[in-house]
Asker: 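Dropping the structure in here first, questions after.
The chains referred to below are lettered A, B, ... by the order of the sequence lines, with proteins before strands, and numbering in each begins at 1.
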Amino acid sequence: MAKAYHHQKIEQKWTEYWEKHPVNVDDGKKEKYYCLDMFPYPSGNGLHVGHWRGYVISDVWSRYKLMNGYYLIHPMGWDAFGLPAENYAIKNKIHPAVSTAENVKNIKRQINQIAAIYDWDREVNTTDPDFYKWTQWIFVQMFKKGLAYEKEMPINWCPSCKTGLANEEVVNGKCERCHSEVTKKNLKQWMLKITEYGDRLLDDLDRLDWPEKVKRMQTEWIGRSYGAEVEFPIDGRDEKITVYTTRPDTLYGATFMVLAPEHALAKSLATDETREAVEKYITDAANKSNVDRLQNKEKTGVFTGTYAINPMNQKKIPIWLSDYVLADYGTGAIMCVPAHDDRDFEFATQFNIPIIQVIAKDGKEIGHMTEAYTEASGTMINSGDWNGMESAVLKAEAPHIVEKMGIGRAKKNFKLRDWVFSRQRYWGEPIPIIHCPDCGNVAVPEEELPLTLPEVESYQPTGTGESPLAAIDSWVNCKCPQCGKDAKRETNTMPQWAGSSWYFLRYVDNKNDKELVSREKADKYLPVDMYIGGVEHAVLHLLYSRFYTKFLYDIGAIGFDEPFTKLFNQGMVTGKNGVKMSKSMGNVISPDDLVEKYGCDSLRLYELFVGPPELDSEWDDRGIEGVYRFLAKFWNLAQENMDRFIEPTEELTRLRHQLIHAITTRLNTFSLNTVVSGFMEFNNKLGELSRKGGIDKETVETFVVLLAPFAPHIAEELWQDLGHETSVFAEKWPEADEEAMAEDTKEIAVQVNGKLRATIRIKADATKEEAIAQGRDAVKDKLSGNIIKEIYVPGKIVNIVCK
RNA sequence: GCUGGCGUGGCGGAAUUGGCAGACGCACGGGACUUAAAAUCCCGUGAUGGUAACAUCGUACGGGUUCGACCCCCGUCGCCAGCACCA
């Protein structure tokens, strides 16, 4: 009786073996390969099968690279600052550090069930003072370079989380985390000047092997545009209003101007007649919530009573206020060309403002326009000297023309805003700044870092815009490091993104107490070759990390300026009907029971088999039975043949090489679901051959080697049973031999008039004439009329066209 | 509204990118083994007609290009994602 497949026994055995005999060792000669998972937040809920998927994908890829001769950097750590731990602390009066440590322990246990080859010596935790010392150090360097600055301004405020938010954290006017409606609050904030890196963040996307979708999202988020700033004199005053436009070619068509209600000149433009209405409009606009502004796009506005002069034709144009103009983009003021801009058209129609067409549409002046003509193509009309020019050409030249005229300049703009970096919460890195009445803002001296988070009695956020740290007098009051006078500490903390913006650097040198990473190790092991995680971070974490990396490159801390060479976004695993797994929906599937029942190897395979790795997949527990049966079948097949292997036949050798080829190409294109189906298909074929005449040892061995990255335990056990004393992971990934793969004959389809009528087996080297002759013969009773054409696509098809 | 992606059996999904549609798995049906069940193994399984060989239809819908279209082009519908007054 052959040995039976006991997954628990085997998996335990090899877990212990790998513990003692690690398979991934740095011999100093191998090339490195850095495969990184987005590190998890240690949630109290533990992992569900969706989290597993990403980790399985990265481990399969890592083990594949290992078998291709690389030394792997494949680390894991904890993104452990953040609100859930803090909210838990508020509710249960347990220090976040305590609950976090418990959660880490549990999730680490779960992650170990995956049997991924993580190098736990490299583990990092963003809440560890030895780690956040460097998070603070980076902030200090940014402060010294003027990239971290303090500013009071209306920022996005989540009334439920009671903290300010970055632009990136506001989704459809709601808090990214808790989905409460975001309001505006005027707060003094630390900001990071990410806009200074706008061009590089955009241009360098070209160099990255990332999904186009993510690149597109970042491109749109950064939102670079080219145009001109043009100055419009105010009628009867010495002042000018500067506007930004991407369509300076339409300058002659500007029939009015609109300022954001928050514009510095807004109030002063009112006349005695309009003052009351203007002031009311400004107040109303200030009270409008983000969601209001987003959902209600009907144009509102108020005429200031004042006019500007169109600098091209000296015509007087009315100045209006409207909240469709954003205060914090461009100059907060726009020139309006209703004939060629949808929004201006809507506004002009509503308020009866003249519309002047300046680009001919289809060579014509339309007269009464019913909609704006927004294309920059056509001949200029009603435009003085510019008449007759092509608008597309003029669009590019106009910025230089206005510059020469002394009324403006070429200008580029970004949608990207500086990063609001202060959080009014407890569980984050304290911002290492001291406010001195004489010296102003002074950085905490580097030798005093880390500035540790003090114990606090109440974690409750105050809601006033101050962090709970502000209540600790003994901590707040300090001496200025520069002049020694009484001073106060900054009490805001950093956002959760701070630690995750650079953690991947620390893994390669996590015990260094002199530098955040040594240049030697950074040069040797970085950057990350493959980064695997969900798409939800497309513009948050991934943009911030790129910014941090570029900054650290600029100050010479590291020698590369893009952190992640290749990115893979795995799809979500959902419950029935595509519903996201969540505690409240009650549809969370824990991997623990499945590992117990079917084993780690089966769950690993099923995580891949459930669907294409880049797409969302619905979890169905029943499907795991299928992969379990496959493993058990393969196991039995191997065991039964152990003492009766036959010599390799030509067919077996061919199949073996075809398998190598199929698995390798599918693996290289990340088609991991079809890798698994490929294994199953081949296993079925082997079963058949085994019943018919037997199978050879080499084929089974190759199968085991190929299966190893996917189902490592069963592969090791079978490898040992096949008589090997070293780990299967010491094996080199096999190569397919083209010649051995080739078949002497091939089955091809024969069509008549494009319809399948027969299949024939032809010699692989058959000539066109031979193939067609054979094909014609096979369908001779299905031909009617005269043959007018005969087509042969080598190795694929014969098609006979008759009429 | 704009941009991008997708639409294939009862279900999850394959199809070497223009060449035999539905691989593989689930589910279902039949059979073998068993006192019986479970497990396991074998066979079948897009629809319609036919005892059958076979024929016709079939990749959201309507058209087109081609010897040949799930794949390319034009139009329509539906779903998903991102952005959302950025001038």
Asker: In whole Å, what separates the P atom of B:rU59 from that of B:rC70?
Answerer: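 It works out to 7 Å between them.
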
Asker: How do A:Arg622 and A:Arg691 order along RNA chain B: which one's closest nucleotide is nearer the 5' end?
Answerer: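 Nearer the 5' end of the strand: A:Arg622.
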
Asker: Side chains of A:Glu168 and A:Trp419: do they bring a donor and an acceptor to under 3.5 Å?
Answerer: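 The answer is no; no qualifying pair exists.
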
Asker: Say we look at B:rG63 and B:rG58: how far apart would their P atoms be, to the nearest angstrom?
Answerer: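 Those two atoms are separated by 11 Å.
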
Asker: Suppose we define a pair by two distances each less than 3.5 Å, Watson-Crick or G-U wobble; what does B:rA69 pair with here?
Answerer: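 Paired with no nucleotide.
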
Asker: Between B:rC77 and B:rU65, how far apart are the C1' atoms? Round to whole Å, please.
Answerer: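 My reading of the C1' atoms in B:rU65 and B:rC77 gives 23 Å.
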
Asker: Does the ring centre of A:Tyr606 sit less than 6.0 Å away from the ring centre of A:Tyr628?
Answerer: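 Not under 6.0 Å, so no.
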
Asker: Would you kindly give the CG-to-C1' distance between A:Asn673 and B:rG25, to the nearest whole Å?
Answerer: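 Going from CG in A:Asn673 over to C1' in B:rG25 covers 11 Å.
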
Asker: If I pick the C1' atom on B:rG29 and the same atom on B:rG10, what distance separates them, to the nearest angstrom?
Answerer: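 Taking atom C1' in both B:rG10 and B:rG29, they lie 13 Å apart.
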
Asker: Could you give the CZ-to-P distance, from A:Arg216 to B:rU3, as a whole number of Å?
Answerer: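 Rounded to the whole Å, the gap is 12 Å.
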
Asker: With both distances kept under 3.5 Å, what pairs with B:rC85, Watson-Crick or G-U wobble?
Answerer: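 By the stated definition (distances under 3.5 Å), nothing pairs with B:rC85.
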
Asker: For B:rA69 versus B:rA21, give the span between their P atoms, rounded off to a whole number of Å.
Answerer: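 About 10 Å, rounded to a whole number of Å.
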
Asker: Please measure how far the P atom in B:rU51 lies from the corresponding atom in B:rU66, and state the result in whole Å.
Answerer: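 B:rU51 and B:rU66 have their P atoms separated by 42 Å.
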
Asker: Can you find an N or O donor on one side and an acceptor on the other, under 3.5 Å apart, linking the side chain of A:Glu625 with the base of B:rG25?
Answerer: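 Between B:rG25 and A:Glu625, which were checked side chain against base, a qualifying N/O pair under 3.5 Å is absent.
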
Asker: Classify the side chain of A:Lys299 versus the base of B:rC85 as yes if they form a donor-acceptor pair under 3.5 Å and no if they do not.
Answerer: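 It does, because a donor-acceptor pair links the side chain of A:Lys299 to the base of B:rC85 below 3.5 Å.
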
Asker: Stepwise, does the side-chain hydrogen bond (donor to acceptor under 3.5 Å, both in side chains) test hold for A:Asp344 with A:Tyr324?
Answerer: CA-CA 10 Å; A:Asp344 299 348; A:Tyr324 85 89; 2.8 Å; yes

Asker: When the P atoms of B:rA23 and B:rG46 are compared, how many Å lie between them, rounded to an integer?
Answerer: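 Comparing P positions in B:rG46 and B:rA23 gives a spacing of 8 Å.
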
Asker: It should be established whether A:Lys755 places a side-chain nitrogen or oxygen under 4.0 Å from OP1 or OP2 of nucleotide B:rC57.
Answerer: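 Yes, within the criterion.
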
Asker: Under 6.0 Å between ring centres, would you say that holds for A:Phe256 and A:Phe347?
Answerer: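 Yes, the ring centres sit under 6.0 Å apart.
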
Asker: With a 3.5 angstrom cut-off on both distances, give the Watson-Crick or G-U wobble partner of B:rU16, or none if there isn't one.
Answerer: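 When the pairing criteria are applied, nothing turns out to pair with B:rU16, so the answer is none.
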
Asker: Is a donor on one side and an acceptor on the other found under 3.5 Å between the side chain of A:Gln570 and the backbone of A:Ile57?
Answerer: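 The answer is no, because no donor-acceptor pair under 3.5 Å joins these two groups.
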
Asker: If B:rC79 has a Watson-Crick or G-U wobble mate with both distances under 3.5 Å, name it; if not, just say none.
Answerer: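 Answer to the pairing question: B:rG5, which forms a Watson-Crick or G-U pair with B:rC79.
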
Asker: With both distances kept under 3.5 Å, what pairs with B:rA32, Watson-Crick or G-U wobble?
Answerer: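 Because both required distances fall under 3.5 Å, B:rA32 counts as paired with B:rU40.
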
Asker: Just N and O in the side chain of A:Lys789: are any of them under 4.0 Å from OP1 or OP2 of B:rC67?
Answerer: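 For B:rC67, OP1 or OP2 has a side-chain N or O of A:Lys789 closer than 4.0 Å.
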
Asker: Which nucleotide, if any, forms a Watson-Crick or G-U wobble pair with B:rC11, using both distances under 3.5 Å?
Answerer: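 Paired with B:rG25.
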
Asker: RNA chain B: A:Glu618 or A:Leu756, which has the more 5' nearest nucleotide?
Answerer: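 Nearest-nucleotide comparison on RNA chain B picks A:Glu618.
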
Asker: I'd like the C1' distance from B:rG13 over to B:rG7, given in whole Å.
Answerer: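 Per the computed distance, 14 Å lies between those C1' atoms.
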
